[in-house]
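I have placed the structure first, in the form of structure tokens, so that the comments after it can refer back to it.
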Amino acid sequence: MRRFAAIWFPHLVADRVLLRRPEWRGKAFALTTLVRGKKIVTVVDTIAAASGIMPGMTAADAKALVQQLELADDIPGSEQRLLEALARWCIRFTPIVSVDLPGGLLLDISGCAHLWNGEENYLRTICRQLNSKGYTARMAIADTIGAAWAMARFGDGISIVPPGSQLSALLPLPPGALRLETVLLERLHKLGLYSLRDFISMPRPALRRRFGESLLNRIDQALGTAQEWIEPVLPVPLYEERLPCLEPIVTATGIEIALQRLLDALCTRLQQEGKGLRCAVFNSYRVDGKIERIQIGTNHASTNREHLFRLFQLKIATIEPALGIELFTLQADKLEPAVPEQESFWIGKHGLQDKAVIELLDRIAGKLGADRIRRFLPAEHYWPERSIKAAVSLQERPATHWQEYRPRPIRLLTRPEPIEVTAPIPDYPPMLFRYQGKLHTIKKADGPERIEREWWLENGRHRDYYYVEDETGARFWLYRLGHYGTDQPQQWFLHGFFA
Amino acid sequence: MNQANPDLIRKLKREILSLQGYRTPVAEEPAVDLPLISQAFPNGIFPTGAIHEFICEGRNGMAASAGFISAVLAALMKDRGVAAWINPVRQLFPPALRRFGAIPEHFIFLDLPEEKDALWAMEEVLHCGGFAAVIGEIRQLDLTASRRLQLAAEKSGVTGFLLRQHTVALNTIASIARWRINSLPSVQEDDLPGVGFPRWQVELLRVRNGQPGAWTVQWLQDHFKTEVPETIALPESMHRKTG
């Protein structure tokens, strides 16, 4: 069964101002913001509100009501930021906390309250801690988000709706407890429906016709017949293992032991669920509040403890323990289904599926960077530079055939190098060329092989390739850029070396 | 005693060979078909699970060595083996490997400009039994580093190839063989125009416990053709006549 808690801060921003400026305690104050050149009151404290100052007034009017009114600028977005910070703080009570603007927080406390000896105690603990921080808060626990929200705002400080009895708790509340739009609230008010009791049992078609789907939806959400979810401020890592330490840890050996324990726990869990790890983060929470993190990635879903440990081990030296580490967490960011293989069957099997190969590549990627490792597949392009593409994964198969019917050099220069050539026209192979100051006389040649530039990708001239051999037997791949006879000068390049 | 002697001597010889880095060949292993040249090695087979060192002269020498090695690798990588090619910057053009019978997608390229990283990676690959071979384009390495590589190769059975360029200071390293491969002018049958099959002068400068020598090798689409040259470098005119 799910239980939700709603926390409402009636004077959240005002409380914050008082924390910042304790000298304003007991005084009337208001926060203002500039709207079209006029200072408009946005936030008031209880004393100012008692004197009749309301949000929406101009600062001058407010000042006329209360002469000693203190004014300060309202920083836009500060409420949201404050609530987010409070939501993060609340994670110690439950992992699922969300911000509920305006002025509230929502907590999914299913399975958490018993750790504080019951819901009553749970709420009192939160309340006491918030009060000690200087925030007034009202809160409620109910089966549904809607009911908790309503009871936090319209209940008496701390209210707990027993499981299943949200309907009876909601009956005396005004329609505003249903989180409705102002238009709907006004319409309900005009019709004399001042509490939920007056209309909650009306026939649904009648309600839908008069007030639309949203009212019904809100009623269903409050009563629990419609589902509602909250979006946590911090996504809950599904696969996370935590290891708190009694004494802060400063040595590499200590970190390794912690890592090993966490890996054991995580891998056991992943194995049971038939999953394998592709990407994991190891966080070390330092005493001084900083978080040191190291990350690893694997080429293939893995639950092999030793292998994963070795990947992390390469990076443990980068962790700076400073005064000590008090908490380690290991979280799996990326998982893939892993079929538990018959290991003995695969041992000794060479190839890209070999576990030893995959694990070694992981290790190299971990130490030297994954971008250093490349495997190439054929691409459907004739242009030599584009005729190969890097494979995305080790498992990727070639989508097309390797081009074989034309000679290709075993070593291709990354950038073709210009050469000086003597060649008879129109398209005979060159007779001799000079490369890096050395003259090569061409004895044998094949070609030309014309490769057009792919006009849909780039502009430029085509290449006429020649496979040539000089007097010593050295074999080259040369090309001429473009046609003869144009006004541009002839350019010849050396592009590769044949075996 | 006298009858036992030949057996004993053969056994002892085998042991000495294994101490020197030659593995006793296993029947189902893919064998490299290098006619004539294999005879230069003890047992008459191309040794796998060891380090071969190639001295390359210039970029053409690199290309010639790469071609020769690719053809050897094609035999070693039969049955879906993978090879790692470690280089500072990749210059090998994978489509050309098809010409030598190797499967380009089974090559894993490691671009490691730092010599230290490259040596580390090469040793790791040699330790890992999953690879068929590893090729390292490493400029400088000392005897100790090469001994580590050789020991790793002996242990795992992975064959290592070291491509060494800039041979100004050519120090001795621990390898089972030192090769030098240079291109020779190709030969076309019946004086056809165009460039023929790749043809190299293959020299075994140093072989541990074997016979150094020099051969002329041609790669004919799917196999090597080896000849013992009459002279090391034939003048140009002679080639024309043989064609």
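In what follows, every chain begins at residue 1, and chains take the letters A, B, ... in the order their sequences are listed.
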Residue [X] versus chain B: region with a heavy atom under 4.5 Å:
X	answer
Glu385(A)	neither
Ala474(A)	both
Leu361(A)	side chain
Ile373(A)	both
Tyr466(A)	neither
Leu360(A)	side chain

Who wins among [options] for the most heavy-atom pairs under 4.5 Å with chain A?
options	value
Pro104(B), Pro198(B), Ala121(B), Ala96(B)	Pro104(B)
Ile181(B), Leu92(B), Val89(B), Asn182(B)	Leu92(B)
Trp200(B), Trp120(B), Trp85(B)	Trp120(B)
Cys128(B), Gly61(B), Pro113(B)	Cys128(B)

Side-chain heavy atoms of [X] within contact of [Y], under 4.5 Å:
X	Y	result
Met62(B)	Arg411(A)	yes
Ile410(A)	Phe93(B)	no
Trp402(A)	Pro94(B)	yes

**Fill in**
Greatest number of non-hydrogen atom pairs under 4.5 angstrom with chain B, of Gln403(A), Glu359(A), Arg475(A), Glu396(A), falls to Arg475(A)
**Message:** Set out, in order, the CA-CA distance, both residues' side-chain angles and the distance that settles ring pair (Phe, Tyr, Trp, His ring centres under 6.0 Å) for Phe376(A) and Phe109(B), then state yes or no.
**Reply:** CA-CA 8 Å; Phe376(A) 291 95; Phe109(B) 292 93; 5.6 Å; yes
**Asked** Under 3.5 Å, is there a donor-acceptor pair linking the side chains of Gln91(B) and Thr414(A)?
**Response** no
Would you check if the side chain of [X] reaches a backbone N or O of [Y] as a donor-acceptor pair within less than 3.5 Å?
X	Y	answer
Asp111(B)	Arg372(A)	no
Arg408(A)	Pro95(B)	no
Lys444(A)	Gly196(B)	no

**Asked** Considering only heavy atoms, which portion of Ser70(B) lies under 4.5 Å from any heavy atom of chain A: side chain, backbone, both, or neither?
**Response** side chain
**Request:** Below 4.5 Å from any heavy atom of chain A, which atoms of Phe68(B) appear? Answer side chain, backbone, both or neither.
**Result:** neither
**Item:** Charged N-O contact under 4.0 Å between Glu417(A) and Arg59(B)
**Value:** yes
**Item:** Salt bridge present between Glu124(B) and Arg363(A) (N-O < 4.0 angstrom)
**Value:** yes
